Visitor: 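Here you go, one structure.
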Amino acid sequence: MTRLVDRLRPAAIAFYRSFWFSTADTMRRWALAAIVVNVGITVTGAAVRLTGSGLGCPTWPKCTSDSFVPARVDTHAPVNMAIEFSNRLLTFLVLAVAAGCLLAAIRLGRSGQGRPVLIRLAALQPIGVVVQALWGGVVVHSVLNPVTVSVHFLLSMGMVAAAFTLYARSGEGDAPSQRLVHRDIRTLGFFLTAAVFVLLMVGVVVTGTGPHSGDQAASRFGFDIESVVRLHTDVVWIVVGMTFALLFSLHVTDSPGRARRGALVLLGVELLQGVIGYVQYFLAVPAFLVGLHVLGAALVWVATLRVVFLMRSRGPRPASPSPERVEPSAATV
């Protein structure tokens with residue numbers, strides 16, 4: 001037992017220091033963790049629906065009418081209750097990371113080098129978790145109405161965008177934004193971001209029309225599935241075409257290598273996502289591939305945001321406080 005404690009102690013101290021004695025590097029790692037957990041809970045939320053466990057816990061905030069944890073009921077299988085309850089528990093992990101982001105941003109200013117913009121961006125994380133949790137109650141009480149489920153997903157994408165903005169801003173300075181590419185190319189990047197968000201919205205309409213409702217009692221959009229799939233495909237090709245145009249423009253104008261590589265990564269993720277989309281369609285949308293497609297959608301969103309941020313600069317980030325100013329005393333540790 002003593003040996004185990006000795007092994008865990010350095011990790012525990014490093015974890016504590018990462019937010020209480022935060023630096024620009026640890027701040028950025030907390031922001032990256034926020035991106036990961038928000039993408040992760042988006043995928044696990046899709047898994048809840050894909051396993052038919054959307055109403056595994058039929059009430060909110062309790063799991064059943066008289067219990068906060070799964071309890072035996074005749075209307076829901078134990079496995080479905082366990083899946084839905086496990087996803088609810090993951091909310092606390094997302095909240096813990098959100099709190100870590102906010103604490104790290106606040107404590108970054110302990111030596112007079114505070115950055116209010118990071119505090120504001122970090123504050124969006126715990127606020128977003130609360131909003132998402134409350135909206136989850138709306139989803140349950142609406143019996144998985146596809147409109148509420150769609151908004152739940154789009155709110156997650158908003159959380160991912162906020163986390164990525166925090167990640168990007170924590171790695172740069174606070175100077176006025178300066179374009180690194182031609183103005184028209186930057187504008188194309190903004191239009192591409194809008195097109196990807198439209199793609200996400202059309203995607204949730206396809207999902208809300210398709211077969212994976214999350215529960216037999218759940219309603220569906222009344223659209224023709226073939227029509228919405230065609231619309232989704234059309235938007236996909238618009239996004240891919242705009243991405244190729246962006247990549248081509250960055251290369252012919254000899255733009256910074258980071259921006260060119262970012263656009264190339266985005267195009268690769270989009271093409272892979274397209275392959276998954278076509279395969280799942282021709283295989284009658286098996287649950288596993290649908291879940292993989294949800295992950296792909298989140299990664300396309302992240303890659304798009306990354307390209308936009310790589311096309312401008314705000315100067316180098318402020319220097320971290322010197323080690324002697326942040327080193328905790330033995331008594332503090």
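On a predicted model such as this, the values are computed, not experimentally measured, just so you know.
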Visitor: For W60 and F85, what are the C-alpha separation, side-chain angles and deciding distance, and is it a ring pair (Phe, Tyr, Trp, His ring centres under 6.0 Å)?
Guide: CA-CA 11 Å; W60 188 96; F85 185 71; over 10 Å; no

Visitor: Apply side chain to side chain contact (heavy atoms under 4.5 Å, CB included) to residues M27 and L166 and explain how you reach the verdict.
Guide: CA-CA 9 Å; M27 178 71 255; L166 177 62; 4.0 Å; yes

Visitor: Taking I185's backbone N and O only, do any of them form a donor-acceptor pair with S249's side chain (distance below 3.5 Å, no angle check)?
Guide: no

Visitor: Working note: D66 + T64, criterion side chain to side chain donor-acceptor pair (under 3.5 Å); need CA distance, chi angles, decisive distance, verdict.
Guide: CA-CA 5 Å; D66 56 359; T64 63; 3.2 Å; yes

Visitor: Answer yes or no: is there a side-chain heavy-atom contact under 4.5 Å between L272 and L299?
Guide: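 No - every pair of side-chain heavy atoms lies 4.5 Å or more apart.
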
Visitor: Heavy atoms only: give me the nearest S53-N80 pair and the separation to one decimal.
Guide: OG-ND2, 2.8 Å

Visitor: Please find the pair of heavy atoms, one from Q273 and one from A297, that lie closest to each other, and give the distance.
Guide: NE2-N, 3.0 Å

Visitor: Is I225 close to V229 at the side-chain level, that is, under 4.5 Å between some pair of heavy atoms?
Guide: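 In short, these two side chains touch, coming nearer than 4.5 Å.
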
Visitor: Do C57 and V140 touch side chain to side chain, with heavy atoms closer than 4.5 Å?
Guide: no

Visitor: Out of curiosity, does V129 fall in the hydrophobic cluster containing V131 (side-chain heavy atoms, cut-off under 4.5 Å, transitive links)?
Guide: no

Visitor: Is a salt bridge present between E84 and R49, judged by a nitrogen-to-oxygen distance below 4.0 Å?
Guide: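 Looking at R49 together with E84, the answer is no, because their closest N to O distance does not fall below 4.0 Å.
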
Visitor: Give the minimum heavy-atom separation between A217 and V143, together with the two atoms involved.
Guide: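 Reported closest heavy-atom pair: O-CG1, 3.8 Å.
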
Visitor: Rounded to the nearest 0.5 Å, what's the gap from CG on L295 to CG on L289? Could you check?
Guide: 12.0 Å

Visitor: Are the side chain of S22 and the backbone N or O of S18 linked by a donor-acceptor pair below 3.5 Å?
Guide: no

Visitor: Does the plane of the ring in Y278 sit parallel, tilted or perpendicular to the ring in W237? Use 30° and 60° as the thresholds.
Guide: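 Y278 and W237: tilted rings.
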
Visitor: Determine, using the 4.5 Å side-chain heavy-atom cutoff (strictly less than), whether L200 and V160 are members of one ILVMFWY cluster.
Guide: yes

Visitor: Any donor-acceptor pair under 3.5 Å linking the side-chain atoms of T59 with those of S65?
Guide: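 Absent: no donor and acceptor within the cut-off.
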
Visitor: Mind checking whether L102 and Q125 have side chains closer than 4.5 Å, heavy atoms only?
Guide: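 In short, these two side chains do not touch, never coming nearer than 4.5 Å.
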
Visitor: Let's go through L250 and M311 carefully: what are the C-alpha distance in whole Å and the side-chain angles of both, what is the deciding distance for side chain to side chain contact (heavy atoms under 4.5 Å, CB included) to 0.1 Å, and is it a yes or a no?
Guide: CA-CA 10 Å; L250 289 170; M311 290 192 293; 4.1 Å; yes

Visitor: Identify the heavy atoms of A122 and C101 that sit nearest to each other, and give their distance.
Guide: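 Smallest heavy-atom distance, with atoms named: CB-O, 3.6 Å.
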
Visitor: Roughly how far, to the nearest 0.5 Å, is the CG atom of L247 from the CG atom of L267?
Guide: 6.0 Å

Visitor: Can you hop from Y167 to V196 via hydrophobic side chains spaced under 4.5 Å?
Guide: yes

Visitor: For the side-chain contact (heavy atoms from CB on, under 4.5 Å) test, which of L264, L192, V300 pairs with T243?
Guide: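 Of the listed options, the one satisfying the test is L192.
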
Visitor: Hey, does the side chain of T193 reach the backbone of G189 with a donor-acceptor pair shorter than 3.5 angstrom?
Guide: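 Checked: pair present.
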
Visitor: Tell me, yes or no, whether the heavy-atom count around R186 atom CZ, taken from other residues, nucleotides or ligands under 6.0 Å, exceeds 12.
Guide: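 Above 12, so yes.
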
Visitor: If hydrophobic clusters are built from ILVMFWY residues whose side chains come within less than 4.5 Å, do L180 and V265 share one?
Guide: no

Visitor: Is the positively charged end of R306 above the ring of F164, judged by distance under 6.0 angstrom from the centroid and angle within 45° of the axis?
Guide: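 Relative to the ring axis of F164, which defines the angle, R306 lies outside at least one limit.
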
Visitor: Specify the closest pair of heavy atoms between P146 and S219, including all atoms of both residues, with the distance to one decimal.
Guide: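 Nearest pair, atom of P146 first, then S219: CD-OG, 3.2 Å.
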
Visitor: Assess the residue pair V117 and R169 against the criterion (side chain to side chain contact (heavy atoms under 4.5 Å, CB included)); give the C-alpha distance rounded to whole Å, side-chain angles, the decisive distance to 0.1 Å, and a yes or no.
Guide: CA-CA 8 Å; V117 63; R169 293 292 283 113; 3.7 Å; yes

Visitor: Ring-plane angle category for W20 and Y16, please: parallel below 30°, perpendicular beyond 60°, tilted otherwise.
Guide: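 Ring orientation of W20 relative to Y16: parallel.
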
Visitor: Less than 4.5 Å apart, side chain to side chain, heavy atoms only: is that true for E172 and S313?
Guide: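 SC-SC contact between E172 and S313 ruled out.
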
Visitor: If you round to the nearest 0.5 Å, how far is CG of L8 from CD1 of I13?
Guide: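 Between I13 CD1 and L8 CG, I get 11.0 Å after rounding to 0.5 Å.
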
Visitor: Rounded to the nearest 0.5 Å, what separation is found between the CG atom of L144 and the CG atom of L55?
Guide: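 Going from CG on L144 over to CG on L55, the span is 4.0 Å.
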
Visitor: Are the side chains of H232 and V206 in touch, meaning some heavy atoms are under 4.5 Å apart?
Guide: yes

Visitor: Between V147 and V228, is there shared hydrophobic-cluster membership here, with clusters defined by ILVMFWY side-chain heavy atoms closer than 4.5 Å?
Guide: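 Yes, one cluster joins them.
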
Visitor: Of all the heavy-atom pairs spanning N38 and A163, show the shortest one and how long it is.
Guide: ND2-CB, 4.5 Å

Visitor: Treating R120 as the side-chain partner and L124 as the backbone partner, does any N or O pair qualify as donor plus acceptor under 3.5 Å?
Guide: no

Visitor: For the residue pair W301 and F197, does the interplanar ring angle fall in the parallel (under 30°), tilted (30 to 60°) or perpendicular (over 60°) class?
Guide: tilted

Visitor: Starting at CD1 of I106, measure out to CD1 of I119 and round the result to the nearest 0.5 Å.
Guide: 5.5 Å

Visitor: Checking the side chain of R220 only, and the main-chain atoms of N145 only, is there a donor and an acceptor separated by less than 3.5 Å?
Guide: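 Flag not set: sc R220 to bb N145 has no pair under 3.5 Å.
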
Visitor: Under the side chain to side chain donor-acceptor pair (under 3.5 Å) rule, what do S142 and T148 come out as? Steps first, then yes or no, please.
Guide: CA-CA 7 Å; S142 70; T148 63; 3.0 Å; yes

Visitor: I'd like to know if the side chain of R179 and the backbone of V181 have a donor-acceptor N/O pair within less than 3.5 Å.
Guide: yes

Visitor: Just by modelled atom types, is the T23 backbone N or O under 3.5 Å from a matching donor or acceptor in the T26 side chain?
Guide: yes

Visitor: Charged N to carboxylate O below 4.0 Å: is that the case for R317 and D174?
Guide: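 Result for this pair is no, no salt bridge flagged.
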
Visitor: Checking side-chain contact (heavy atoms from CB on, under 4.5 Å) against S156, which of V39, T42, V294 comes through?
Guide: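 Of V39, T42, V294, side-chain contact (heavy atoms from CB on, under 4.5 Å) with S156 is met by T42 alone.
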
Visitor: Can you find a heavy atom in the side chain of V149 that is under 4.5 Å from one in the side chain of F153?
Guide: no

Visitor: Rounded to the nearest 0.5 Å, how far does CG of L188 lie from CZ of F190?
Guide: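 With rounding to 0.5 Å, CZ (F190) is 11.0 Å from CG (L188).
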
Visitor: Test side chain to side chain contact (heavy atoms under 4.5 Å, CB included) on D254 and R260 and set out the steps.
Guide: CA-CA 9 Å; D254 196 28; R260 284 180 284 161; 4.2 Å; yes

Visitor: I want to check something: taking the side chain as every heavy atom from C-beta on, are Q178 and R312 in contact at a cut-off of under 4.5 Å?
Guide: no

